[in-house]
Amino acid sequence: MTQAFVIVPWYFLWMLLQCWSMVSQSVCVHSGSLPSAPEGASRRLLLYQHCIPLCESGDLQTEVASDIIGLLMLETHNLPGPSLAQLASLFVDAIKLGKMGSGKSLELFPTVLTALAATEALSYGKGELSGEEYKKQLINSLCSSRWDPQCVIHLTTMFRDVPLAPEELQFLVEKVLRMFFKLDLQEIPPLVYQLLLLAAKGCKKQVLEGIISYFKEQDLRQKEEQKDGESMDVEVQSIPQDQLRHVEGTAILHIVFAVRLDQELGREFLKSVKGSQGELCPFSIALLLSVARIQRYEEQLFDFLKGAITKGFKDEQLQQGSKFLQDLLPQRCSFAQMILDTVKNSVFGWDHVTQGLVQLGFILMDAFGPKAGPFGKTATEGANATAKTPTQQACRLGGQVLLEGFKMHEPIRGEILEQVLNRLVTKTASPVTHYIDLLSDIVVSAPMILLESSSKVTETFDHLSYLPLATVQGLLKAVQPLLKVSMSMKDALILVLRKAMFSSQLDGRKSAVTGFLLLLKNFRVLGSMASSQCTSALSFMYSSHYEGISIGPFTCDLSCAQVQVDVHSRYNSAANEAFCLEILSSLRRCLGQQADVRLMLYEGFHDVLRRNSQLASSIMQTLLSQVRRYYEPEQDLLPPVKLELCIGAQGDQVFLQEPLAHLLSCTVHCLLWYQGMRRSARPNAGGSDDDDDDDDDEEGGFQNELQSILESITRRMIKCELEDFELDKSAEFSLSSVGVKNSIYAMLVMGVYEVLIEYNFTKANYSKSLFEELLELFSRYNKLSEILKEKSGKGKSSKSPRSLLSMGFVSTLLTALFRDSAQSREEALLVLRSSGDFLRYAVSVALQKITQLEETGHTDGPDGQNTDKTFHHLCDITSVLMWRYTNIPCAVEDAGKKEKRCSVSLLCLEGLLRIFSTGQQRYPARVAQLLSAIGNASVTEKTAFYIRQFQRALFTQLSGGEEDFNSKEAQLLVNILSVLSRQLEPSSQQFVQMITWTVKICKETSFEDVAFSKGLLSLLFSVHVLYKSPVSLLWELCQDIHSQLGDIDQDLEVEKQSHFAIVNMKTAAPTTSVSVRPCPVCTHTHAPSLSFIFMCVFPDDTTQAAGQQDPVEKALTLQLGTLLTALNELVQTALPSGVCTNTLLGELSRTYTILTTLVKYYIQLCSGQQGLLPARVEKLVKLSGSHLTPQCYSFITYVQSGELAGGGADDKKKKKKEGEATATASAKLLRETKAIPNLIYSIEQYEKYLITLSKKSKVNLMQYMKLSTSRDFRINAATLEAALQEHDNSQQTIASQEPEQSQEPKKKRKKQ
C-alpha cells in the first residue's frame, strides 16, 4: 500500500536541532544501508520519505536543501525497482494532493523516473510491467489528475529533465496549456519561459499556437468586458488592461529570445503563422513584428504581413460586393483593425514591437502608394478622396500606423519624421502625395513635438528648388502651421525662396512663387479683413531683421490651441508693411519670367487678397501696371489688346510669353472682390462718399482706371472681327510656326472673351442692353470656337480648351438661366435664354468644371481649392441641372430640331452623371447634402427619390417607338441609375424595388441598340449580386443567347427561348461579353477567396461534425453547378469572332481553376478521414466531365476551324461572307491569343487533381472524364493540304451545297 510522506515527531525535532550535520548523517546512513539487503533498502526508502517533505517545508536553508537533494539524486540509482516505484508513486500522490508548494524536491523526480525506466520488470496489479511502461503509466496518471496552480511552473520545469516519448510530450503540453487559464497573470510569463524550454524536446508548433490562443482569448474577453462596461456605464474588469498588456509584452520577449536560440522553433513559428492566417490577433501580430527584428526572418515575415494585409482588404471588398458571400461567411475581425489595435497596445512598454511597426508602415506606403503613370503623370487624388482599392487601403493603413506610432512613442518620432522627409526629397520620379498627407497629419496632431525636430524640416527646405512642383506645394502646405510659430523656420524658408527665385530651373522659380504666395496667404497683416470667420486665432508679435527690414506683428490662424508664443516686441506697422511689400517686390520679378511662372502668380493673387485685404492696393497696382503693358489706350484702334507682345520666339519655335487671359481673369476677380469688400464695409464705416473718394485718391484711383479699361476692352472686343486678330476661316492652325502662333492667338482671344463675359454679367445688374452686349461677346467667342473645331481635323481631338469661367460664376449663371423666375429680371434673362448656343455653352462649361473636380479634386479659378465652397457650388449646380432636365426633357427640346448638336437636356444629364460620380468619390460623407431635393430624409430615401425621376425618364424613352429612341440619353440614364444604386442600402425596400424594375425592363424591352443593351445588363447584374447570387439569372441569359445565335453544330436547331427581350439577334452577340461578366461576378467572387471560404467556415479538424460544413458545401456546389450549366449553354453557341470568344475562353479557364481549388480542398479532407466525399461533389464532377468538358473541346475545335461567322440560326449568312479577310483575321486572332492553351492547361490540371482525389476517396471520379486529342498542336501536313484544297473549291461547291442543306430535316436539340 502506497504511503504518504510522514514525519516522525522525535525525528523531526532531532532534524531541527541537527540540521547543520544533516548532509554528513545522510552519508552515514547511506553508507551503512546496503541496497542489496532488504533492511538497507527499507532504511534508504525511509530516508527519502523523510528528507523530501523536509526540503518542501521551507524550514531548511536553500543551500542545505540543495545539498540534500543532490545527495539523494546521487544515490537514487542504487535503489531497487520496488523502492523506486514506491517512491515515484509517493511523488505522484503528493502532486495530486498539492503538497509540492516550493517544488524544491521535484528536482529529484526526473532522476527517479529515469532510474525507474531502466528497471526490467515491476509488479503492477496482478501482472508485471517493464520500467518504461510503468513510467508511462505514472506520467499518464499525473497528467490526467488535477494540478495545484502553484506547482504548474515547477512541474513544467521538472519535466524538462524527464525523457518523454512524443505522445507523452504532446499529452503533457496539452495539460500545461489547459492550466494557463487557471493561473494568475503574473505567473504566465515564467510558465511561458519554461514551456518554451520544454519545447526543445518537440511539439514546438503546439506550444506556440497554445500560447497565442491563450492571449487571443484574453484579448477578446477584455474587449467584451470593456464593451459591457461602456454599455452599462460601469467599469467591469476581471483582468486589468495594463496588467494584461505588460504580461503579453514579457511573453513576447521570451518567445523572441527562444526563437533567436532555436532555429527550428523559428521555422515552426513561420509555418504556424502562415497556416493560420485567419487566426491572427493583435498579440500574434505584435509577436510577428518582434520576431521580424531577427535578420533571418525579417524578409519572410514582412512579405507575409504585406500579403496578408492586401488579402484581407481584398476579401473584405469581395464580401461587401456579394450577398452570397455575406450570407455564406461569418463576420471576421478586420485585419487592419487588428494592426491598429497592436499599435494601441504597444503603448504599454512594447519597445520591441515599435520598430517593427515603423518598418511595416513604411513598407506598406512604399509598396502600395500611388504609382507614376505614362510620361510620369499620375491621377491626382484629393485629400478628400476615399481609399477604395485594396492597395489604396493598405497604403492608408501604413500611414495610420506611422501616425499613431508617432503620437504614442517618443523614441521613434525622429526616425519617422526623418524617413518621411527623406522620401519627399529622394522620390522625385514617383508621386509622394501619401507621404505629404502623413506629414500634414503629423503636423496637425502634434505641432509642438515637431518643433523639437525643426532642424530636419529646415534641412529639407534646402532641396525645394530641385523638387517637383507638386511636392513643393504639398510640403509647404503641410508645414504651414509650423511656419506660424517657428520664426527660425520661416526665416530659413524665405532665404531658400529668394535663392530659388533666381534658379536656372523653371520648377525652382515656380517653387519660389508657391512659397511666397503661401506666406502672404497664411500670415495676415493686422488690420486685414478675414474672408471667413476663423475658429481660433493666435496673435503674436515678434521682431526680426531680414536684410535690414524689421518684421513686425502678424496674426496667424492656428487650430492648435496648445501652441503659445511669447510676445517680446512692440507693434511696428511700418515694419509689418515693409515685410509684405518686400515679398510682393520679389513676386513682381516673376512678371518678367516664363508664362508658367506668371500663371502661378495670377492664380494665387486672388487668394492672397482675400486673406490679406490690407495688401489690396499693392496687388491691384501690380495688376494694373501689368495690364497697361498689353492694353491699347487708343480708343479707335482695334483690337484693344496687344497680342503680339504676348508671344515670344526663339528660332523656329513660337511660345506663349504672357497668359493675357489669365491676367485679365485675375484682375477681374480681384477687382470684383475688392469692390464687394468695399460695399460690405461701407455701411459700417460711418463715412460719406467723400471719404470713399479720398480713399480712392490715396490708392491711386486704380479701381476707376481698371473699370474704364475693362469697359473699353469690352466695347472694342464687340466691334472686333476675327480678321482684326488675323484669325479667320482661312487662317492656318497647323504645327508650323505660323499655325502655332495662330493657335496661341485664338486661345488668348477666346480666354479674353470668357473673362469679359463673366465680368459684364456680374456688372450688368440684369440690364437688357448689357446682356445683349454680353451675347455679342459670346457670339464672337462661339464663332472662333467653331473655326478651331473645324480646323482641328477629324483625326485630332476636338476637346475644347479649359474655360476661364469660375465655378461660382457658372453656378450663378446656370441658376439665372434656368431657375430665376423674378419678374423684374425676366426681360433681361430672356435675351440670354433665347440663345440655344449660349445655353449649351453654359452647361458645357459646368460639365467641364465637374469633370476637372472629379479627376483632380479641385477646379481652376477663385476658391477652386476651397473644398467647402466648391461643394456648395456643386450642390447648386446639381439642383439646377436636375430641374432643367426633369422639366424640359430631350424629347421636348429636340422636337422640330434637326441640328446634330447635343441638346441642353442631354448635357444636363451628362453633368448629373458626373456630379453623382464625383460625390461618391470625393465627398462620400456628404452625399446626403448633395442629394438635398427632399429635405431631411435619409440617404437611401433621397437616392430613391432621384432614382424614380430617372426611371420615369427612361420609361418614357422606352415607351415610344424605336425611331424616337435616343440611345445616348438612354445610356446616360442607365449609367446614372447604376451610380445611384450604390447609395441604396441592399437590405432596404427601395433596393428591392430597383431590382424588380430593372428585371422588368430587361424582360420587356426589345430595342436593338447594342450599347444600351450592354449597359442595362451591366446594371442588372451589378444590383442583383448585392441581393443574391446571379448565377440563375446568368443561366437564363445564356439560354437566350444560345437560342438567338444558334448552335455550333449547324445540323441542330436550338429550342427558342426568351427570358429577356433585351437579347435579340442584333444584341445577342455583343452582349455575350457582358453576359459572361456575371461569371466574374461569381468566379471572381469565388476563385480568389475559395480558400478564404474554406479557412473561415470549414474547420481544420476534419473529424468535426459534417453538419457544420454541410450548408456551406451545399451552397458552393449548387452555385458551381448552376454556373457550369450556364457555361455549357455558351460553349455550344455559335459565337462570332472577337472579344466575346476570348472572354468566354478566359472565363472557362477561371472556372476550371475554381473546380481545381475545390478538388484540392477535398483531397486534404479525405487525407484525414476516409469516405468524406459528399454525393453532391461527385455530381458536380460528373456535370463538369460529361457535359462541360466535351463541349469545351468542341468549342475549341470550332474556334480553330475558323467557323466563327455565324450559327445554325441563319445559314444564308455563312460561307458567303467568308473569304480571305476573315481567314486572315481568324489566324491572327489565334496567333495572338493564349486563351486556348490556358484553357486546355486548366482542364488538365483539374483532371490531374481529380485522379488524386479518386485515390484518396476511393471513388472513381475519372469515369466521367473523357480524354481529348485537342492538345495536339502539331502541324498535320495532310490536314493542311486538304484544308487548302477545300478553300480553293469552296466557291464552286457553295451553290450545290446550299439547296441540299436546306432540304435536310433539322434535328430538335433536347435540353437537359
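By the side-chain contact (heavy atoms from CB on, under 4.5 Å) test, T886 is found to be paired with M882, Q949, residues two or more places apart in sequence or in another chain being considered. Q983 is linked by a side-chain contact (heavy atoms from CB on, under 4.5 Å) to Q920, V927, V939, T943, counting only residues two or more places apart in sequence or in another chain.
Not a single donor-acceptor pair under 3.5 Å links the side chain of S440 to the backbone N or O of I436. Side-chain N or O atoms of Q400 include none that pairs as donor or acceptor with a backbone N or O of L340 at under 3.5 Å. Under a 3.5 Å cut-off, the side chain of S454 and the backbone N or O of L451 do form a donor-acceptor pair. Judged by distance alone, with hydrogens and angles left aside, the side-chain atoms of K521 form no donor-acceptor pair with the main-chain N or O of D607 at under 3.5 Å. A donor-acceptor pair is defined here as one N or O able to donate and one able to accept, closer than 3.5 Å; no such pair exists between the side chain of E754 and the backbone of S803. A distance-only check finds a donor-acceptor pair linking the side chain of T815 to the backbone of S811 [under 3.5 Å]. Of the possible polar contacts, none joining the R819 side chain to the L814 backbone as a donor-acceptor pair under 3.5 Å is found. In this structure, the side chain of T870 engages the main chain of D863 through a donor-acceptor pair within 3.5 Å. At distances below 3.5 Å, not a single donor-acceptor pair connects side-chain atoms of R840 with backbone N or O atoms of V904. Judged by distance alone, the side chain of N612 and the main-chain N or O of V608 form no donor-acceptor pair under 3.5 Å.
Considering every non-hydrogen atom in both V513 and C590, the closest pair reads CG2-SG, 3.3 Å. Of all the heavy atoms in V479 and V457, the pair that sits closest is CG1-CG1, 4.0 Å. In plain terms, the two heavy atoms of C395 and G369 that are nearest each other are SG-CA, 3.7 Å. Smallest separation of non-hydrogen atoms from S806 and P862: CB-CD, 3.8 Å. M807 and I877 get closest at one heavy-atom pair: CE-CD1, 4.0 Å. The nearest pair of heavy atoms linking T433 to P370 is OG1-CG, 3.6 Å.
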>> Applying side chain to side chain contact (heavy atoms under 4.5 Å, CB included) to L664 and L804, what does each step give before you reach the verdict?
In response: CA-CA 10 Å; L664 289 178; L804 292 183; over 6 Å; no

>> Please determine whether side chain to side chain contact (heavy atoms under 4.5 Å, CB included) holds for the pair F406 and V420, giving the CA-CA distance in whole Å, both sets of side-chain angles, and the decisive distance to 0.1 Å.
In response: CA-CA 12 Å; F406 187 91; V420 170; over 6 Å; no

> How far apart are the C-alpha atoms of R926 and D868, what are their side-chain angles, what is the distance that settles it, and do they pass the salt bridge (charged side-chain N to carboxylate O under 4.0 Å, His left out) test?
Replying inline: CA-CA 11 Å; R926 306 173 71 177; D868 292 333; 3.3 Å; yes

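Using a 30° and 60° split on the angle between ring planes, Y841 and F778 fall in the tilted class, from 30° to 60°. Y923 and F871 have tilted rings, their planes meeting at an angle from 30° to 60° on a 0 to 90° scale.
At a threshold of 4.5 Å between non-hydrogen side-chain atoms, the residues L756 and V752 count as touching. In this structure, L912 and Y946 have side chains that are not in contact, with every pair of non-hydrogen atoms separated by 4.5 Å or more. Side-chain contact between L421 and L439: present, with at least one pair of heavy atoms (C-beta onward) separated by less than 4.5 Å. Within the 4.5 Å cutoff, side-chain heavy atoms of L469 are placed close to those of Q473. Here the side chains of L601 and V597 are not in contact, with every heavy-atom distance at 4.5 Å or above. Under the 4.5 Å side-chain criterion, counting only non-hydrogen atoms from C-beta, H606 is not in contact with L609.
Between the OG atom in S905 and the CG atom in N887 there is a gap of 9.5 Å [rounded to 0.5 Å]. With rounding to the nearest 0.5 angstrom, the NZ atom of K427 is 7.0 Å from the NE2 atom of H434. Here the CG atom belonging to L438 is positioned 5.0 Å from the CE atom belonging to M365, to the nearest 0.5 angstrom. The OG1 atom of T471 lies 8.5 Å from the CG atom of L475; values are rounded to the nearest 0.5 Å. One finds the CG atom of L584 at 10.5 Å from the CZ atom of F516 (value rounded to the nearest 0.5 Å). T667 contributes atom OG1, which lies 7.5 Å from atom CG of L710 (distance to the nearest 0.5 angstrom).
For R802, the CZ atom counts as loosely surrounded, since its 6.0 Å shell holds 12 or fewer non-hydrogen atoms of other residues, nucleotides or ligands.
Put simply, the residue from D860, T859, T918 that forms a side-chain hydrogen bond (donor to acceptor under 3.5 Å, both in side chains) with Q852 is D860. If you run side-chain contact (heavy atoms from CB on, under 4.5 Å) between L913 and each of I976, L977, I850, only I976 comes through. A side-chain contact (heavy atoms from CB on, under 4.5 Å) with E758 holds for exactly one of L805, V810, L774; it is L805.
With hydrogens and angles left out, the side-chain atoms of Q865 and K477 include no donor and acceptor closer than 3.5 Å.
With ring centers used as reference points, F702 lies under 6.0 Å from Y674.
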